[in-house]
2 protein chains.
Amino acid sequence: MGSEMLDHAVQSLREHGVRMTPQRQAILEYLVTEHSHPTADDIYKALAARFPNMSVATVYNNLRVFKEVGLVQEMNYGDASSRFDFVTSKHYHIICDTCGKVVDFNYPVLDEIEAVASQLTGFKVDRHRLEVYGTCPSCQAEQSQTH
Amino acid sequence: MGSEMLDHAVQSLREHGVRMTPQRQAILEYLVTEHSHPTADDIYKALAARFPNMSVATVYNNLRVFKEVGLVQEMNYGDASSRFDFVTSKHYHIICDTCGKVVDFNYPVLDEIEAVASQLTGFKVDRHRLEVYGTCPSCQAEQSQTH
DNA sequence: TCTTACATAGTAATCTTTATAATTAGTGTA
DNA sequence: TACACTAATTATAAAGATTACTATGTAAGA
């Protein structure tokens with residue numbers, strides 16, 4: 001299941017002339033198998049046991065490479081660290097203001113807004129970004145308990 | 001014109017028990033009169049002449065206060081500094097990938113997507129954020145000249 | 001005017017990310 | 001398989017943005 005995506009990703013990297021290393025493989029695996037949206041530090045810590053000598057820079061370098069190849073999407077929310085999402089298919093994100101959890105949801109891609117924005121501003125539009133913010137079910141439950 | 005918005009903002013701050021200081025007033029004025037989307041450092045530099053002793057921390061402190069009162073919206077784009085937008089009315093932003101310019105544009109508020117996201121994920125939705133990215137007219141002109 | 005709590009300045013510290021240089025290790029080719 | 005070339009990694013320093021902290025200053029109400 002996940003291995004199919006992983007194979008595809010590895011092949012995609014090879015086609016871009018990117019070499020495979022154990023660290024790179026591990027970071028990629030982590031992104032594919034974990035359905036979370038980890039920060040660079042999350043990944044670093046998660047792999048610390050297997051690669052005690054791995055540098056944080058390696059994580060960042062690889063995330064940059066994955067981004068360039070289009071395997072991974074970087075998301076930045078305000079002050080916190082960037083989060084990285086392995087791109088499977090088009091989807092939007094909803095983010096919990098309380099615990100920071102990120103959940104995917106599907107919605108038809110908003111092509112129209114890009115056309116409208118282009119017409120109004122004269123920009124040549126490349127892409128858009130849409131996120132919804134709120135409180136996730138478990139944080140809602142906690143909050144209603146407290147009060 | 002701008003002073004009406006400024007007065008309203010000052011009143012709103014007073015109602016929240018926030019004291020008015022010359023620095024605070026100046027930062028607020030800058031945000032209201034400049035229609036740009038400045039970074040904390042932009043503001044700091046712009047007011048350096050009038051307040052040679054002002055601390056960067058003061059700028060950040062005030063921006064935080066303004067945000068808490070809802071006068072200002074913070075926007076963070078990837079790696080760069082946060083930008084701050086004085087909230088006048090609902091609008092979306094389009095951002096130039098080349099020079100970083102931010103332009104406002106109007107589009108009907110996407111209420112539906114909040115409802116859909118809520119239904120799909122169980123989140124209690126608070127707000128959403130939508131941005132369009134591309135190349136602004138002047139950067140387009142420069143790029144076509146070069147090639 | 002006096003008082004008090006909030007705001008500011010100045011600086012140190014933190015956190016995330018990038019840059020740099022030296023070493024290590026993939027990968028294609030002989 | 002061994003070699004050579006070049007990319008990748010490590011380790012560390014550095015940059016940049018933001019926050020924390022403390023002493024001092026000041027706005028605003030009694």
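Letters go in sequence order (proteins before strands), and every chain restarts at 1.
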Original post:
Is Tyr60(B) near enough to dT19(D) that one of its side-chain N or O atoms lies under 4.0 angstrom from OP1 or OP2?
Top reply: no
Subject >> Separation of atom CG in Asn53(A) from atom C1' in dA11(D), rounded to whole Å >> reply: 10 Å
**OP:** Between dT27(C), dT8(C), dT17(C), spot the one nearest the side chain of Met20(A), thanks.
**Re:** dT27(C)
**OP:** Decide whether Thr39(B) and Asp42(B) meet the rule of one side-chain donor and one side-chain acceptor closer than 3.5 Å.
**Re:** yes
Original post:
dA17(D) phosphate, OP1 or OP2: any side-chain N/O from Thr39(B) under 4.0 angstrom?
Top reply: no
Original post:
Which part of the nucleic acid, if any, lies within contact of Asn62(B), taking any heavy atom under 4.0 Å across all strands shown: a base, the sugar-phosphate backbone alone, or nothing?
Top reply: sugar-phosphate
Subject >> Heavy-atom donor-acceptor pair, Ser55(A) side-chain to dA11(D) base, under 3.5 Å >> reply: yes
Original post:
Once you round it to whole Å, what is the distance between P of dA17(D) and CZ of Arg83(B)?
Top reply: 11 Å
Original post:
Is the His37(B) ring parallel, tilted or perpendicular to the His93(B) ring (thresholds 30°, 60°)?
Top reply: perpendicular
**OP:** Provide, to the nearest angstrom, the distance between the CZ atom belonging to Phe84(B) and the C1' atom belonging to dA17(D).
**Re:** 10 Å
Subject >> d(CG, Leu63(B); C1', dA7(C)) in whole Å >> reply: 14 Å
Subject >> dT18(D) OP1/OP2 closer than 4.0 Å to side-chain N/O of Ser82(B) >> reply: yes
Subject >> Integer-rounded Å distance: dT10(D) C1' and Arg50(A) CZ >> reply: 18 Å
**OP:** Let me know the distance between NE2 of His16(B) and P of dA28(D), rounded to the nearest Å.
**Re:** 17 Å
Original post:
Should the heavy atoms of other residues, nucleotides or ligands under 6.0 Å from CD of Glu34(A) be counted, would the total exceed 12?
Top reply: yes
Subject >> Within 6.0 angstrom of Glu68(A) CD, more than 12 heavy atoms from elsewhere >> reply: yes
Subject >> Under 4.0 angstrom between Gln23(A) side-chain N/O and dT10(D) OP1 or OP2 >> reply: yes
Original post:
Tell me: CD of Glu68(B) to C1' of dT19(D), nearest whole Å?
Top reply: 14 Å
**OP:** Verify side chain to side chain contact (heavy atoms under 4.5 Å, CB included) between Ser138(A) and Lys101(A), making sure each step is shown before the conclusion.
**Re:** CA-CA 10 Å; Ser138(A) 62; Lys101(A) 187 193 301 170; 3.6 Å; yes
Original post:
Pick the nucleotide of DNA chain D nearest each of Asn61(B) and Ala57(A); which residue has the one closer to the 5' end?
Top reply: Ala57(A)
Original post:
Considering residues, nucleotides and ligands other than His8(B), do more than 12 of their heavy atoms fall under 6.0 Å from its NE2?
Top reply: no
Original post:
More 5' along DNA chain C: Val18(B) or Pro52(B), using each one's nearest nucleotide?
Top reply: Val18(B)
Subject >> Any Arg19(B) side-chain nitrogen or oxygen under 4.0 Å from OP1 or OP2 of dT26(D) >> reply: no
Original post:
Would one find a side-chain N or O of Arg24(B) under 4.0 angstrom from OP1 or OP2 of dT8(C)?
Top reply: yes
Subject >> Between P of dC15(C) and OH of Tyr44(A), the distance in whole Å >> reply: 15 Å
**OP:** For dA25(C), take OP1 and OP2 only and decide whether either is under 4.0 Å from a side-chain N or O of Thr21(A).
**Re:** no
**OP:** Report yes if a side-chain nitrogen or oxygen of Arg14(A) is closer than 4.0 Å to either non-bridging phosphate oxygen (OP1 or OP2) of dT27(C); otherwise report no.
**Re:** yes
